[in-house]
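These figures come from a predicted structure and were not determined experimentally.
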Amino acid sequence: QVQLVESGGGLVQAGGSLRLSCAASGRTFSNNAMGWFRQAPGKGREFVAAITWRGITTNYADSVKGRFTISRDNAKNAVYLQMNSLKPEDTAVYYCNAATSNSIPAVRAASGYWGQGTQVTVSS
């Protein structure tokens with residue numbers, strides 16, 4: 001059974017930092033692109049960041065460029081999201097995604113496997 005489990009969410013003040021982790025089990029995703037999405041209250045799920053299997057290529061939503069960094073550790077079957085300079089508008093449930101292929105568009109298409117999400121709340 002494939003599982004993606006996110007952790008690292010919490011409450012932080014504006015300007016602060018958090019590091020989200022996503023641990024995969026049940027199969028290896030070392031050959032798949034992975035990414036992060038988020039969903040704020042009353043809004044649809046939106047793309048945040050993606051990374052290809054070797055970590056050579058990354059892609060970010062304009063709203064997080066320069067503040068968030070995605071990385072992965074294939075030995076641990078894990079992907080991470082370092083979030084700096086957090087803003088209240090970053091408040092959302094953050095979801096990990098493992099795409100069905102090694103491509104950024106595959107992640108952005110929001111297909112593949114999903115975690116259960118972790119709440120990030122940024123206070124002003």
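- Closest of all the heavy-atom pairs between Val93 and Gly117 is CG1-CA, 3.8 Å.
- A donor-acceptor pair is defined here as one N or O able to donate and one able to accept, closer than 3.5 Å; such a pair exists between the side chain of Thr118 and the backbone of Gly9.
- With salt bridges taken as basic N to acidic carboxylate O contacts below 4.0 Å, one links Lys65 and Asp62.
- Counting heavy atoms from C-beta on, the side chains of Ser63 and Arg38 come closer than 4.5 Å.
- Here SG of Cys96 is found 12.0 Å from CD of Gln3. Values are rounded to the nearest 0.5 Å.
- Hydrophobic cluster of Leu4: the remaining members, joined at side-chain heavy-atom separations below 4.5 Å, are Val2, Val12, Leu18, Leu20, Phe29, Met34, Trp36, Val48, Ile51, Tyr60, Val64, Phe68, Ile70, Val79, Leu81, Met83, Leu86, Tyr94, Tyr113, Val120, Val122, listed by chain and number.
- Annotation: side chain of Asp73 is in contact with side chain of Tyr80 (closest heavy-atom distance under 4.5 Å).
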- Message: What verdict does the side chain to side chain contact (heavy atoms under 4.5 Å, CB included) test give for Gln116 and Glu6, after you've listed the backbone C-alpha separation in whole Å, the side-chain angles of each residue and the deciding distance to 0.1 Å?
- Response: CA-CA 7 Å; Gln116 83 292 346; Glu6 301 96 336; 2.9 Å; yes
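- Gln82 is listed as a side-chain neighbour of Ser17, based on a closest heavy-atom distance under 4.5 Å.
- The heavy-atom pair separating Ile104 from Ala50 by the smallest distance is CD1-CB, 3.7 Å.
- The shortest side-chain heavy-atom distance between Asn32 and Arg27 falls under the 4.5 Å cut-off.
- Of all the heavy atoms in Pro88 and Ala14, the pair that sits closest is CD-CB, 4.1 Å.
- A donor atom on one side chain and an acceptor atom on the other are not found under 3.5 Å apart for Arg108 and Asn97.
- Through side-chain heavy atoms spaced under 4.5 Å, either directly or across other Ile, Leu, Val, Met, Phe, Trp or Tyr residues, Val5 is tied to no other residue.
- Summarising the geometry, atom NZ belonging to Lys76 is positioned 15.5 Å from atom OG belonging to Ser30; distances are rounded to the nearest 0.5 Å.
- Under the 6.0 Å distance and 45° angle rule, Arg45 counts as a cation-pi partner of Tyr95.
- Residues Ser111 and Ala106 share a closest heavy-atom pair of OG-O, 3.5 Å.
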- Message: Could you walk me through whether Arg67 and Lys87 satisfy the side chain to side chain contact (heavy atoms under 4.5 Å, CB included) test, starting with their C-alpha distance in whole Å, then the side-chain angles of each, then the deciding distance to 0.1 Å, before giving a yes or no?
- Response: CA-CA 10 Å; Arg67 301 187 298 121; Lys87 304 175 181 180; 3.8 Å; yes
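- Side-chain atoms of Asn102 come within 3.5 Å of backbone N or O of Trp53 as a donor-acceptor pair.
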